[in-house]
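Every chain is numbered from 1, with letters handed out A, B, ... down the list of sequences.
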Number of protein chains: 2
Amino acid sequence: MKEGPDIAQIGALIGDPARANMLTALMGGKALTATELAAAGGITVQTASTHLAKLEAGQLLAQRKQGRHRYFTLADDAVGKLLENIMGFAAGRGHLRHQPGPKEPALRKARICYDHLAGDFGVRMLDSLVAKGAIDAIGDGLALTGKGESTLKCIGIDVGDLKASRRPLCRSCLDWSERRAHLAGSLGKALLSNFFDKGWARRTAGSRSVIFSPDGERQFLALFPIGA
Amino acid sequence: MKEGPDIAQIGALIGDPARANMLTALMGGKALTATELAAAGGITVQTASTHLAKLEAGQLLAQRKQGRHRYFTLADDAVGKLLENIMGFAAGRGHLRHQPGPKEPALRKARICYDHLAGDFGVRMLDSLVAKGAIDAIGDGLALTGKGESTLKCIGIDVGDLKASRRPLCRSCLDWSERRAHLAGSLGKALLSNFFDKGWARRTAGSRSVIFSPDGERQFLALFPIGA
DNA sequence: TACATGCTTCGGTTACGATCGAACTATGCA
DNA sequence: TGCATAGTTCGATCGTAACCGAAGCATGTA
């Protein structure tokens with residue numbers, strides 16, 4: 001006993017339903033205020049405030065004051081990755097929420113996983129990029145190829161800029177709904193914001209799901225065909 | 001709120017210190033009895049029994065009756081992977097146990113991570129195999145090469161047998177002490193038991209740490225040189 | 001059959017933490 | 001200066017779950 005890192009502490013932080021709901025809400029990638037997070041957790045602001053203080057002390061959250069608002073985000077993408085990991089595990093055990101709510105299908109189709117695209121569409125995109133030879137894959141590892149670099153340039157993404165950052169370019173992230181990998185990393189992030197910029201898709205207000213416009217969906221599917 | 005899988009449930013399961021200690025003890029890979037786990041958790045058997053029932057209901061543990069003993073193990077290697085994940089995260093935030101105990105250095109040098117070798121030695125082994133061209137690595141992904149297959153045959157491991165199983169041959173696992181990857185998967189398991197069989201190393205009684213004999217350590221270091 | 005060991009179930013206690021109302025601080029706006 | 005909004009801190013309540021002693025099963029051994 002008493003060996004190694006303290007997993008109980010972060011388990012306990014995630015283990016409270018209200019906190020778990022707030023963290024899940026922050027997986028949407030947007031910074032949220034304490035009041036918004038209180039609503040997400042289904043609790044009053046006072047209670048939320050103490051929860052947020054604990055999460056911040058545990059280094060799961062970061063906050064930034066702006067005027068009289070206090071915006072909270074996940075501390076970094078390691079937190080997002082951890083949460084998605086646990087979600088994948090929980091989903092694999094059938095520890096789903098009681099009933100598959102009405103928003104469930106949209107969530108499975110396309111959603112934000114911290115800062116990149118997940119769900120059916122996210123998995124499809126990665127599959128297509130691999131099939132095309134734009135990305136090399138060995139198991140969980142992903143690497144952009146030279147061909148991939150030029151493919152992305154056509155879409156409107158300059159990989160050179162991304163390479164400058166410390167963050168890895170390609171990362172695989174296990175998708176809890178599809179139970180397969182989708183593309184994370186700075187490239188995953190760039191692709192998603194590219195879709196937003198082009199107007200192919202938009203975020204939804206209180207949810208992590210991503211809505212594609214009819215035209216956006218058509219173009220997305222054409223750009224990332226299955227089995228080619 | 002109420003989106004996606006129920007992370008709070010498994011967070012809560014891991015979040016109790018007694019349960020976390022029991023789970024950590026089971027990361028040693030050995031099946032343990034309820035009494036042993038009670039000791040690991042620092043609680044009485046009665047209390048341990050209720051904890052174990054909860055963990056089993058949550059599908060984190062599996063048990064197997066044998067005579068009047070009841071042996072508990074982690075339900076599968078997904079659980080082990082999850083726990084190591086969380087450990088890595090916790091260690092990265094400095095959420096270490098209060099003081100680095102006396103056993104800490106041994107643990108950092110070589111320990112069991114569910115069923116394969118971790119710690120400094122585990123990381124070194126993977127590095128060496130990659131440097132040698134026995135394993136291809138792209139990011140987190142690992143794949144055994146043809147050359148690697150014959151290398152392993154010399155060590156005394158028949159890869160053909162391992163390939164028959166459903167479990168992936170090579171998997172990378174983030175090492176919480178080294179913060180780099182070591183080798184998991186059925187190959188990682190096979191290598192560790194190979195070391196045990198040869199008498200190079202042995203488990204310790206109440207701990208996850210692996211003790212190499214002087215001769216075993218010499219041979220290990222020669223077999224897996226750094227930077228070659 | 002009797003007894004020991006391993007574990008579970010029951011009952012009752014206790015402690016911790018989640019919760020909210022109310023009061024307080026801070027920022028912004030008029 | 002006064003008022004509104006955002007958030008924290010305080011105090012008190014309440015519920016749950018961790019905990020252990022004691023009793024109850026189950027299995028093995030003499």
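With sequence neighbours excluded, the residues forming a salt bridge (Lys or Arg N to Asp or Glu O under 4.0 Å) with B:Arg218 are B:Asp215, listed by chain and number. Residues satisfying the side chain to side chain contact (heavy atoms under 4.5 Å, CB included) criterion with B:Ser177, sequence neighbours excluded, are B:Arg108, B:Arg111, B:Asp175. B:Leu162 pairs by the side chain to side chain contact (heavy atoms under 4.5 Å, CB included) definition with B:Ile157, B:Leu169, B:Ser186, B:Leu187, B:Ala190, not counting sequence neighbours. Not a single salt bridge (Lys or Arg N to Asp or Glu O under 4.0 Å) links A:Glu56 to another residue, sequence neighbours left out. Here A:Arg19 pairs with nothing under the salt bridge (Lys or Arg N to Asp or Glu O under 4.0 Å) rule; sequence neighbours left out. Listed by chain and number, the residues in a side chain to side chain contact (heavy atoms under 4.5 Å, CB included) with B:Arg179 amount to none (sequence neighbours excluded). Looking at residues two or more places apart in sequence or on another chain, you find a side chain to side chain contact (heavy atoms under 4.5 Å, CB included) between B:Thr47 and B:Ile43, B:Thr44, B:His51.
Protein chain B contacts DNA chain C from C:dA4 to C:dT9, reading 5' to 3' and using non-hydrogen atoms of the protein with a distance under 4.0 Å.
Listed nucleotides D:dC19, D:dG7, D:dT29 differ in distance to B:Arg68; the shortest reach to its side chain belongs to D:dT29.
Contact check, A:His69 against D:dT5: no side-chain N or O comes under 4.0 Å of OP1 or OP2.
A:Leu32 has its CG atom 15 Å from the P atom of D:dA6, to the nearest Å. The CD1-C1' distance, from B:Ile43 to D:dC20, rounds to 11 Å in whole Å.
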Every protein N/O within reach of nucleotides 8-11 of chain D N/O, cut-off under 3.5 Å:
| residue | atom | partner | partner atom | Å |
| --- | --- | --- | --- | --- |
| D:dT8 | OP2 | A:Ser49 | OG | 2.6 |
| D:dT8 | O5' | A:Ser49 | OG | 3.1 |

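A ring-centre distance under 6.0 Å is found for B:Phe121 and B:Phe212.
Along DNA chain C, the nucleotide closest to A:Lys54 and the one closest to A:Lys65 are compared, and the more 5′ of them pairs with A:Lys54. In terms of position along DNA chain C, the nucleotide closest to A:Ala12 lies nearer the 5' end than the nucleotide closest to the other residue of the pair A:Ala12 and A:Gln66.
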